[in-house]
Amino acid sequence: MEFWFTEKQTERFGITMKVKRTLHTEKTEYQQLDMVETEEFGNMLLLDGMVMTTEVDEFVYHEMVTHVPLFTHPKPKHVLVVGGGDGGAIREVIKHPSVEEATLVDIDGKVMEYSKKYLPTIARALDDERVDVQVDDGFMHIAQSEGAYDVIMVDSTEPVGPAAKLFEKGFYEGISKALKEDGIFVAQTDNPWFHQDLIRQVYKDVSDIFPITRLYTANIPTYPSGMWTFTIGSKTYDPLAVSNDRFHDIETKYYTKDLHSASFVLPKFVQDLVK
Ligand code: SAM
């Protein structure tokens, strides 16, 4: 008997993966949490039936959502990750020696708990002494922060349920307030095949608030369509104007200095979304 997990990415298209076994399944206070062992991509975290991260391809997303803004800022010291309970983004954040405090705010403590248990290579930084993990609503945390952070990454689930308000203009206005006067923010903004309206709307909202707004992409095999986007909003520093001496060596498997700028080169149909 073979078992396959299928994520329907639209009503007519999906991705399917052969599953060895289910490691944990639970309806938490906020979402359905499943941890499964797949044949191809190792252990995989699902939230509400959507692929969040896998042991095998997680590095792409976690390196790109963090190193693009962190190398753009000349000296990031105080960094916030909203969501990101699997720990992958914060693991990349603390690779930067300038970072003095990395705060992670995820609404669901169960995500941290089971990521530590079944995704140890992703979640290992959650216990690092420079990391402050808070179980809280990222929307409330941002509303209560002012001039606190150099860089903020929004590593949330899709714009449904508790994450819906993390894709609204009011939240981005709150982020701008929570950032220092030369701060930078990045949000994961889904894929340009099935979520064009979201990308258009977020890009418009962010560009109304931040003087420098850009979209960049990465290739993530287990995410819907395999092509992922990130929207970056910056008060001062342009991600395409980073001096060579900024790029100090860190261990990566996807991100490189050249890919930093190349990721902003967009296919025509994606350019048209953000014109
Ligand atoms: N990289 C994944 C993606 O791009 O879809 C996201 C992974 S991460 C596990 C998503 C996290 O967002 C979840 O742990 C979820 O609990 C968290 N989340 C959703 N809404 C939130 C909110 N309002 N405040 C804080 N965290 C939230």
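Atoms within each ligand, like the ligands themselves, are counted from 1 in listed order.
Closest protein heavy atom to atom 24 (N) of ligand 1: G138 N, 2.8 Å.
Between Y216 and W228, the distance from one ring center to the other does not fall under 6.0 angstrom. For F71 and H96, the gap between ring centers is short of 6.0 Å. Aromatic pair Y61/F230: ring centres closer than 6.0 Å. Ring to ring, Y237 and H73 are close: their centroids are under 6.0 angstrom apart.
The G84 neighbourhood of ligand 1 comprises atoms 8 (S), 11 (C), with distances under 4.0 Å to a heavy atom of that residue. The ligand atoms of ligand 1 that sit less than 4.0 angstrom from a heavy atom of D108 are 16 (O). Residue L47 approaches ligand 1 through these ligand atoms, each under 4.0 Å from one of its heavy atoms: 13 (C), 14 (O). For ligand 1, the atoms lying closer than 4.0 Å to a non-hydrogen atom of A163 are 19 (C), 20 (N). Counting atoms of ligand 1 from 1 in the listed order, those under 4.0 Å from a heavy atom of V105 are 25 (C), 26 (N). Applying the 4.0 Å criterion to heavy atoms of V111 picks out, from ligand 1, the atoms 14 (O). For ligand 1, the atoms closer than 4.0 angstrom to any heavy atom of D137 are 22 (C), 23 (N), 24 (N). Each of the atoms 7 (C), 8 (S), 9 (C) of ligand 1 lies under 4.0 Å from some heavy atom of D86.
Checked by atom type and distance alone, the side chain of Q196 pairs as donor or acceptor with a backbone atom of P192 at under 3.5 Å.
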Could you walk me through whether T53 and F59 pass side chain to side chain contact (heavy atoms under 4.5 Å, CB included), step by step?
-> CA-CA 9 Å; T53 197; F59 63 89; over 6 Å; no

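Ion pairing between a basic and an acidic side chain is recognised when a charged N comes within 4.0 Å of a carboxylate O; K75 and D150 show no such pairing. Using a cut-off of 4.0 Å between Lys/Arg side-chain N and Asp/Glu carboxylate O, D127 and K116 are scored as salt-bridged. In summary, E2 and K18 engage in a salt bridge, as defined by a charged side-chain N under 4.0 Å from a carboxylate O. Using a cut-off of 4.0 Å between Lys/Arg side-chain N and Asp/Glu carboxylate O, E92 and K95 are scored as salt-bridged.
The structure places CG of L126 at 8.0 Å from CG of D86, a figure rounded to the nearest 0.5 Å.
Looking at K165 next to ligand 1, no N or O pair under 3.5 Å apart turns up. Some N or O of P162 is nearer than 3.5 Å to an N or O of ligand 1, by distance alone.
For Y223, every heavy-atom contact with ligand 1 shorter than 4.0 Å involves the side chain, none the backbone. Contacts of Q188 with ligand 1, taken as heavy-atom pairs under 4.0 Å, involve the side chain alone.
The shortest separation from a heavy atom of Y61 to ligand 1 is under 4.0 Å, placing the residue in contact. The closest approach between a heavy atom of Q31 and any atom of ligand 1 is below 4.0 Å. A heavy-atom separation below 4.0 Å is found between D136 and ligand 1.
Relative to atom 13 (C) of ligand 1, the option among V51, D106, V82 with the closest non-hydrogen atom is D106.
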